[in-house]
Each structure stands twice: as C-alpha cells, then as structure tokens.
Student: 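Handing you a structure now.
Since we're looking at a predicted model, the values are computed, not measured.
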Amino acid sequence: MAEEARTKPNFIIIFTDDQGYADLSCFGGTHVSTPRIDQMAAEGAKLTSFYVAASVCTPSRAALMTGTYPKRIDMARGSNFVVLLAGDKKGLNPKEITIAEVLKKEGYKTGLFGKWHLGDQPEFLPTRQGFDEFFGLPYSHDIHPYHPRQAHFKFPPLPLLEGEEVIEMDPDADYLTKRFTERAVQFIEKNKDEPFFIYMPQPIPHVPLHVSPAYMKDLPEGLKTSLSKEDNYIDYNARKQLLSQAIAEVDWSVGQILDTLKKHGIDDNTLVVFSSDNGPALGKATPLKGKKGHTSEGGMRVPTVIRWPGNIPAGMANNEIMSTMDLLPTFAKLAGAEVPSDRVIDGKDIWSVIRGEEKSPHEAFFYYKANSLEAVRSGKWKMHLKRQGKKKKITTILYDLEQDIGETKDVSKAHPEVLKRLLAYGKAFEQDLKLNNRPAAFVENPQPLKKIK
C-alpha cells in the first residue's frame, strides 16, 4: 500500500494573479526575464491555447477548483461586485467538490499557500473545501485600507490566515511571495514520502505590485525614493514600475519548488502546472487583443507551462484548446480517483491531449463576462456576441484565430455557416446551464475576518 502511494503522482498548480500571455520570456515577453519557467517549458510543454473560464479572480478560481463554468455554480460574480469582497455573504458552496477533495479521497495530502478568493467566511475557507493546510489570504491583497477607492469600499485591514485562524493583520506584502514559497517548500519536505497536491495561487503580479528587498536592490534611485516615502499608505503609481521585478520573484519561486522536488528525488513523479488566473492589468498579452476583464483572447487565454519528466514530451508547444476546468478530471484520472458523477462537470480528461496524442475534446469553449455569454470558440473560429442599444440587439463578429490571433478582421460575411454553427453551440450551452445549475452558498450576518487577541 505504501509502494502504491509513492507511485501516485504528486500535483502542483502554481497560479499567478493577472499575469498576461506575454509576461513570460518563453511566451515572447522581452520586458521580463523568467529563466526557471522557460527551463520548465523546455523540459515540458507550453500550452498556447489554454484558457481560464473568466477574466477576473473569483470566477476563474471557482472554475479551476470545481472543473465547472462559473455561471453553472453561481460563482460568476460576487454578491455586490465583480469579485467577492471582505466580509462577503457569498462563497463557493461547501457542497461543491474541489480538486483537493477528489485527491484527498485517494490519500493525498493537500495544501494551499497563497490567495483563495472563494469566500472569506469560516464556512467557505479552504479547510472546508478539502485542504489539510492553508496559509494565505482570503482574497486579493488590494482589499485593504490603502486601496485608492477606500472612501467608496471602506475595506477592513487585510487578514493573513493559518488554517482558519487570523495570525496577522495587514502583513507586509513585500514578503508574501517569499513566505508562500517557503511554506510550499516545507509542505513538500514534510510530505515527500506520500502523494500530495499543492495549490499555490500567488497574489502577484496583481496591483499593487510588491517584491521582497532582494528584488529592490537595482531599482532606479527615483523609484527607491518614492517607495521610501510610503508611510501608512501605498504608492500604487510608483509600484506599477515593479512589474519585471515582481515576475522575476515569481520565477524564483517556481525555481525553489522545482529544486525542492529534485533534492528529494520526486521530480519525476510530480506534475507541475504554471498558469495565471486571467489576463494582465499592467503586463502584456501580445500578440493577443484585450486584457483582464475582457473576453478577447488577452483576457482569458493565459500563459501556461506543464512539466512532468518522462511523461510529457519535452519542448513541445501544444495549441489544442484546453482550460483550467480540465485539470480536475485529468488529475483524477492520473491519481486513480473518481470524478463526481452526481453533477455536471464541464472539464474533460486532457491527459492524451497534453501528451500530443489526441485533439482537444472540446467542441466549443464559451467566454463569459459575469453571467453574460460574450463569445464562443470552436477550432480556429471565434464568434463574439455584441449586445447593442436599449433592446440589446445581438450582432455577431467572427474571427479566424489561426490567421488572425489578434482578432482584427471580421470574416463573418464569408462564413455564414460557421456563424450559424457557433450560435447553435452558444444557444444549446445556455439552455444546458438553465437545466443543470447549482447554487452558491450564503451566510447571514457576515463579518470581516480579524485577529482574536
């Protein structure tokens, strides 16, 4: 039994925040340097048509955790905002089955180190969703009193949690990447002799950008001066200049994880995925159009690298349509676990696709902004739905992503049959969502988390 446990692969998902398609050197970025992730790509595969199910934090993460489109589980937006906020009454329903819960049933140790953002009330925390360990933030690190629109939001201090206990208020965000990395390394070392799953949702490069002192040494003197003047406030504009440094520290973090796997001889039994929760706010999505919050490719097609020595062909660029929703059923297959059969799971097993042996199992992929369907992709074709005027009349635009990855030339007039097919996909899927949906969860009298003295 112990031998069987050791042969089950380990899984690590490193999920950054607001990192654009071109915010990796291996995806064409010249404004960043990511040698460790580039090496990871050389030893594994780049997934160049890999999608998230939403272009903002909360719904994207809900889809990753459950293998399901956010609208299907009522997680396409927060209760009063596009994402969940502090003291929010809404959260991912505890009845949902997460990747962590699927793997935990097969004897996996599970840990989350970073940003959750699927509900900050005790009922919604990671420890109630299959994670043995949680060290991190309940939501984005900009949900704090130093937000530029604090007069509107009135955010409470930012809590840092160990399990379900708040251990710090307003932690120094310069050290978050480093601290989460160190905890993930400790988790690997502690569980190296049994199968484990690590979900590492780094809060960077979401604004305001923060890096540890080691990555501030070579900053221009003017920028150092601006940052030194921060006193009970955060200079968002100055920190916008830290993008390359922030991504460099993320790259360091990936290197620490990979080095730890090698040190303990479990590198060849660990599948590691690096991806981002949505398009960039500050970075670049070149050659894609759009950014965070958009259903253009730049908002939802994310830079993704996957590595498992000896199991994934090295140096491959794979352009098949895949998404974060596919990770749950794929990991389940590799771990010998069961995919929930009592509910609709939108993700598919893509193991053979990742290995370059089969085509994508997705006849269509659907791009939502909150609860509104805005685009459909099938193969090389992508149709945008534009709602105009008071009557919200729908007009359609068609792009050939194979010839026009930047979505610049409408070819709908030349391909009416393609438009008809994609419209039918969208209509059928919307109908399916009406018939097969599940509720989010809500609590009465939610309270912001705070440290108990």
Side-chain angles (χ1 to χ4, degrees), residues 16-20 23 31-32 56-58 78 80-88 114-117 120 135-162 166-182 201-250 252-253 277-278 280-283 291-293 446-453:
T16 57
D17 200 329
D18 294 2
Q19 189 161 358
D23 288 336
H31 60 296
V32 294
V56 292
C57 294
T58 293
N80 297 303
F81 193 60
V82 292
V83 297
L84 296 173
L85 300 178
D88 208 305
K115 165 186 163 181
W116 176 233
H117 216 166
D120 68 335
F135 175 64
L137 306 175
Y139 36 68
S140 300
H141 67 284
D142 71 327
I143 298 179
H144 60 179
Y146 313 109
H147 193 281
R149 297 184 62 204
Q150 175 64 359
H152 169 75
F153 285 115
K154 298 179 175 60
F155 289 141
L158 177 69
L160 176 69
L161 284 81
E162 178 74 63
V166 177
I167 59 171
E168 292 178 35
M169 298 301 289
D170 283 329
D172 187 338
D174 286 352
Y175 291 91
L176 289 177
T177 299
K178 187 173 186 290
R179 292 178 74 180
F180 295 149
T181 303
E182 289 170 348
Q202 289 281 19
I204 295 298
H206 191 294
V207 297
L209 295 174
H210 287 271
V211 296
S212 62
Y215 289 85
M216 294 227 193
K217 291 178 181 177
D218 299 324
L219 296 181
E221 288 304 317
L223 180 53
K224 285 183 179 179
T225 299
S226 296
L227 294 176
S228 70
K229 293 178 180 178
E230 289 182 328
D231 183 17
N232 205 32
Y233 82 101
I234 292 176
D235 190 336
Y236 273 63
N237 286 328
R239 287 185 174 274
K240 286 180 180 179
Q241 300 176 59
L242 297 174
L243 181 67
S244 61
Q245 289 84 2
I247 291 177
E249 188 163 24
V250 165
W252 164 84
S253 173
D277 69 338
N278 47 248
L282 290 178
K291 58 182 182 179
K292 176 180 182 176
Q447 299 294 322
L449 297 175
K450 57 184 179 181
K451 187 176 180 180
I452 299 175
K453 296 180 180 179

Student: Could you pull out the closest heavy-atom pair between Thr177 and Thr181, with the gap in Å?
Tutor: O-OG1, 2.7 Å
Student: Do you know the tightest heavy-atom contact between Ile247 and Gln19?
Tutor: CG2-NE2, 3.7 Å
Student: As an exercise, state the distance from CG of Leu223 to CG of Leu242, rounded to the nearest 0.5 Å.
Tutor: 5.5 Å
Student: Check side chain to side chain donor-acceptor pair (under 3.5 Å) between Tyr233 and all other residues, then give those that pass, not counting sequence neighbours.
Tutor: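 Expected list: none.
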Student: How close do Gly136 and Leu160 get, heavy atom to heavy atom, and via which atoms?
Tutor: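 Minimum heavy-atom separation between Gly136 and Leu160: O-CD1, 3.5 Å.
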Student: With side-chain contact (heavy atoms from CB on, under 4.5 Å) as the test, would you mind laying out the steps for Leu243 and Leu209 before giving the verdict?
Tutor: CA-CA 7 Å; Leu243 181 67; Leu209 295 174; 4.0 Å; yes
Student: Quick check: closest heavy atoms across His147 and Tyr236, and the distance to 0.1 Å?
Tutor: CA-OH, 3.8 Å
Student: Is the closest side-chain heavy-atom distance between Phe135 and Arg179 below 4.5 Å?
Tutor: yes
Student: I need the Trp116 CH2 to Leu137 CG distance, nearest 0.5 Å.
Tutor: 13.5 Å
Student: Do Asp120 side-chain atoms and Gly87 backbone N/O form a donor-acceptor pair below 3.5 Å?
Tutor: yes
Student: Between Ser140 and Asp17, which heavy-atom pair has the shortest distance, and what is it?
Tutor: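 Heavy atoms only, the tightest pair is OG-OD2, 4.4 Å.
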Student: Atom OG of Ser212 and atom CG of Asp172: how far apart are they, to the nearest 0.5 Å?
Tutor: 10.0 Å
Student: Taking the side chain from His141 and the backbone from Pro208, do they hold a donor-acceptor pair closer than 3.5 Å?
Tutor: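 Pair found, side chain donor or acceptor close to backbone of Pro208.
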Student: Can you see which heavy atom on Leu84 is nearest to which on Gly78, and at what distance?
Tutor: CD2-CA, 3.7 Å
Student: Quick check for you: to the nearest 0.5 Å, what is the distance between Cys57 atom SG and His206 atom NE2?
Tutor: 4.5 Å
Student: Where the side chain of Gln245 meets the backbone of Met216, is there a donor-acceptor pair that is under 3.5 Å apart?
Tutor: no
Student: More than 12 heavy atoms of other residues, nucleotides or ligands under 6.0 Å from NZ of Lys224: yes or no?
Tutor: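 Above 12, so yes.
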Student: Going through the checks in order, is the side-chain contact (heavy atoms from CB on, under 4.5 Å) test met by Val207 and Arg239?
Tutor: CA-CA 8 Å; Val207 297; Arg239 287 185 174 274; over 6 Å; no
Student: Could you work out, with ring-ring contact (aromatic ring centres under 6.0 Å, His included) as the rule, every residue matching Tyr139, not counting sequence neighbours?
Tutor: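 With sequence neighbours excluded, Tyr139 shows a ring-ring contact (aromatic ring centres under 6.0 Å, His included) to no residue whatsoever.
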Student: Tell me every residue that passes ring-ring contact (aromatic ring centres under 6.0 Å, His included) with Tyr215, counting only those two or more places apart in sequence or in another chain.
Tutor: none
Student: Answer yes or no: is there an ion pair linking Asp277 with Lys292, defined by an N-O contact shorter than 4.0 Å?
Tutor: no
Student: Any donor-acceptor pair under 3.5 Å linking the side chain of His31 with the backbone of Ser244?
Tutor: no
Student: Fit a plane to each ring of His144 and Tyr146, take the angle between them on a 0 to 90° scale, and name the class: parallel (under 30°), tilted (30 to 60°) or perpendicular (over 60°).
Tutor: perpendicular
Student: Compare all side-chain heavy atoms of Pro138 with those of Leu161 and state whether any distance is below 4.5 angstrom.
Tutor: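 Result yes, sub-4.5 Å side-chain heavy-atom pair found.
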Student: Test His117 against Ile143 for side-chain contact (heavy atoms from CB on, under 4.5 Å), laying out the working first.
Tutor: CA-CA 11 Å; His117 216 166; Ile143 298 179; 4.2 Å; yes
Student: With side chains defined as the heavy atoms from C-beta onward, is the minimum distance between Ser226 and Gln241 less than 4.5 Å?
Tutor: no
Student: For side-chain contact (heavy atoms from CB on, under 4.5 Å), just list the numbers for Lys229 and Asp235, CA-CA rounded to whole Å, side-chain angles, deciding distance to a tenth of an Å, and then say yes or no.
Tutor: CA-CA 9 Å; Lys229 293 178 180 178; Asp235 190 336; over 6 Å; no
Student: Would you say Asp142 and Phe155 make side-chain contact, with heavy atoms under 4.5 Å?
Tutor: no
Student: To the nearest 0.5 Å, tell me how far Glu182 CD sits from Ser253 OG.
Tutor: 10.0 Å
Student: Does Asn278 reach the side chain of Asp18, with side-chain heavy atoms less than 4.5 Å apart?
Tutor: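 A side-chain contact under 4.5 Å exists here.
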Student: Within the side chain of Asp170, is there an N or O that forms a donor-acceptor pair under 3.5 Å with the backbone of Leu158?
Tutor: yes
Student: Counting distance only, does the side-chain N/O of Thr16 pair as donor-acceptor with the main-chain N or O of Ile204 below 3.5 Å?
Tutor: no
